[in-house]
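Structure, as structure tokens:
For this chain, numbers begin at 1 and follow the sequence in order. Indexing begins at 1, ligand by ligand and atom by atom, following the structure's order. All values below come from the heavy atoms of this structure, side chains included, with hydrogens, waters and symmetry mates left out.
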Amino acid sequence: MEKLTPNWSSIESVPENYIFPPETRPGDIEIPISHSVPVIDLSEAHSVDRTNTIQKIIKAAEEFGFFQHYDAYLITILLQDDISGLQVLKDGEWIGVEALPHAFLINIGYALKIISNGKLQSVEHRAVTNSTHARTSVAFFIAPSGDCFIEPAQDLIDEHNPPIYTSYKFKEFLSRLFDKHGDAEKVLKSFEESDGIL
Ligand SMILES: O=C(O)CCC(=O)C(=O)O
Ligand SMILES: [Fe+2]
């Protein structure tokens with residue numbers, strides 16, 4: 001873990017040239033409400049004949065976009081073109097993230113949320129298609145290996161900040177995720193110190 005976050009507690013600011021002044025930052029986009037988003041029961045994906053579920057997902061992805069989820073790994077580095085489509089869920093509402101060409105968008109994954117002892121939040125997000133312009137995005141996932149132990153970084157733990165999560169092997173997270181049919185919230189809860197219930 002020390003190798004992953006060597007100077008964590010001493011980092012206080014972001015270099016100036018990495019910061020866009022507020023007036024040049026992209027804004028939020030208003031999201032039209034859709035009542036026709038399909039709901040697909042992913043528990044069927046465990047049955048012997050998964051083809052039907054997979055076809056439903058492919059069709060929904062083509063017509064609507066990429067379903068809502070949290071990223072599971074450390075960070076996702078996302079490169080978008082200038083067609084917006086990414087949306088994040090905040091206070092129960094979907095907010096469109098205006099695309100910023102030539103910039104990377106960094107999403108925090110669950111593993112990093114745990115390493116930061118809950119200081120860094122993972123955000124629920126989705127990507128939607130639009131009927132007039134094709135959109136391309138490239139996601140690069142930085143993932144721990146399956147045998148890597150994920151736990152709150154020692155530098156962030158003291159008497160006032162007890163660890164919120166237990167230590168676990170990353171492959172254990174992935175296998176619980178499959179057991180819980182992709183419900184990452186439930187899985188994360190099972191790794192909380194106060195919970196520990198599978
Ligand atoms: O295309 C996008 O903007 C998001 C893709 C995404 O969320 C993912 O690959 O995890
Ligand atoms: Fe994602």
(request) For Ala139, take its heavy atoms, then give the atoms of ligand 1 lying under 4.0 Å from any of them. (result) 9 (O)
(request) For ligand 1, note which part of Arg135 has a heavy atom under 4.0 Å away: side chain, backbone, both or neither. (result) side chain
(request) I would like to know whether Ser190 and Arg176 meet side-chain hydrogen bond (donor to acceptor under 3.5 Å, both in side chains); could you show each step before the answer? (result) CA-CA 9 Å; Ser190 77; Arg176 284 193 206 179; 2.7 Å; yes
(message) What is the name of the N/O/S atom of His125 that is nearest to the Fe ion (ligand 2)?
(response) NE2
(message) So for Arg126, does at least one of its heavy atoms come nearer than 4.0 angstrom to any atom of ligand 1?
(response) no
(request) Return yes when atom NE2 of His69 has more than 12 non-hydrogen atoms of other residues, nucleotides or ligands closer than 6.0 Å, and no otherwise. (result) yes
(message) Check this for me: Gln121, atom CD, are more than 12 non-hydrogen atoms of other residues, nucleotides or ligands nearer than 6.0 Å?
(response) yes
(request) Compute the shortest N/O to N/O distance between His125 and ligand 1 and return yes if it is under 3.5 Å, no if not. (result) yes
(request) For ligand 1, indicate whether the residue Leu105 contacts it via side chain, backbone, both or neither (heavy-atom separation under 4.0 Å). (result) neither
(request) Around atom 1 (O) of ligand 1, find the nearest protein heavy atom and jot down its residue, atom name and distance. (result) Ser137 OG, 2.6 Å
(request) For the pair Ile115 and Glu151, evaluate side-chain contact (heavy atoms from CB on, under 4.5 Å) and give the outcome as yes or no after the intermediate values. (result) CA-CA 5 Å; Ile115 293 167; Glu151 61 190 5; over 6 Å; no
(request) Could you tell me whether Glu192 and Lys189 have a side-chain N and a carboxylate O separated by less than 4.0 Å? (result) yes
(message) Can you confirm whether more than 12 heavy atoms, excluding those of Tyr168, are under 6.0 Å from its OH atom?
(response) yes
(request) Could you find the nearest protein heavy atom to atom 9 (O) of ligand 1 and give me its residue, atom name and distance? (result) Phe141 CZ, 3.4 Å
(message) Measuring only between side-chain heavy atoms, which start at C-beta, is Lys90 closer than 4.5 Å to Ile95?
(response) yes
(message) Leu105 and side chain to side chain contact (heavy atoms under 4.5 Å, CB included): which single residue from Thr76, Val97, Ile77 fits?
(response) Val97
(request) Treat each ILVMFWY residue as a node, draw an edge where side-chain heavy atoms are under 4.5 Å apart, and state whether Leu78 and Phe66 are in one component. (result) no
(message) Residue-level breakdown please: for Asn107 versus ligand 1, do any non-hydrogen atoms fall below 4.0 Å on the side chain, on the backbone, on both, or on neither?
(response) neither
(request) Can you sort out which atoms of ligand 1 are near Asp71, meaning under 4.0 Å from one of its heavy atoms? (result) 10 (O)
(request) Flag Thr76 as yes when one of its N or O atoms lies below 3.5 Å from any N or O atom of ligand 1, and as no otherwise. (result) no
(request) Report the nearest protein non-hydrogen atom to atom 5 (C) of ligand 1: residue, atom name, distance rounded to 0.1 Å. (result) Leu78 CD1, 4.1 Å
(request) Looking only at N, O or S atoms, find the one in Asp71 nearest to the Fe ion (ligand 2) and name it. (result) OD1
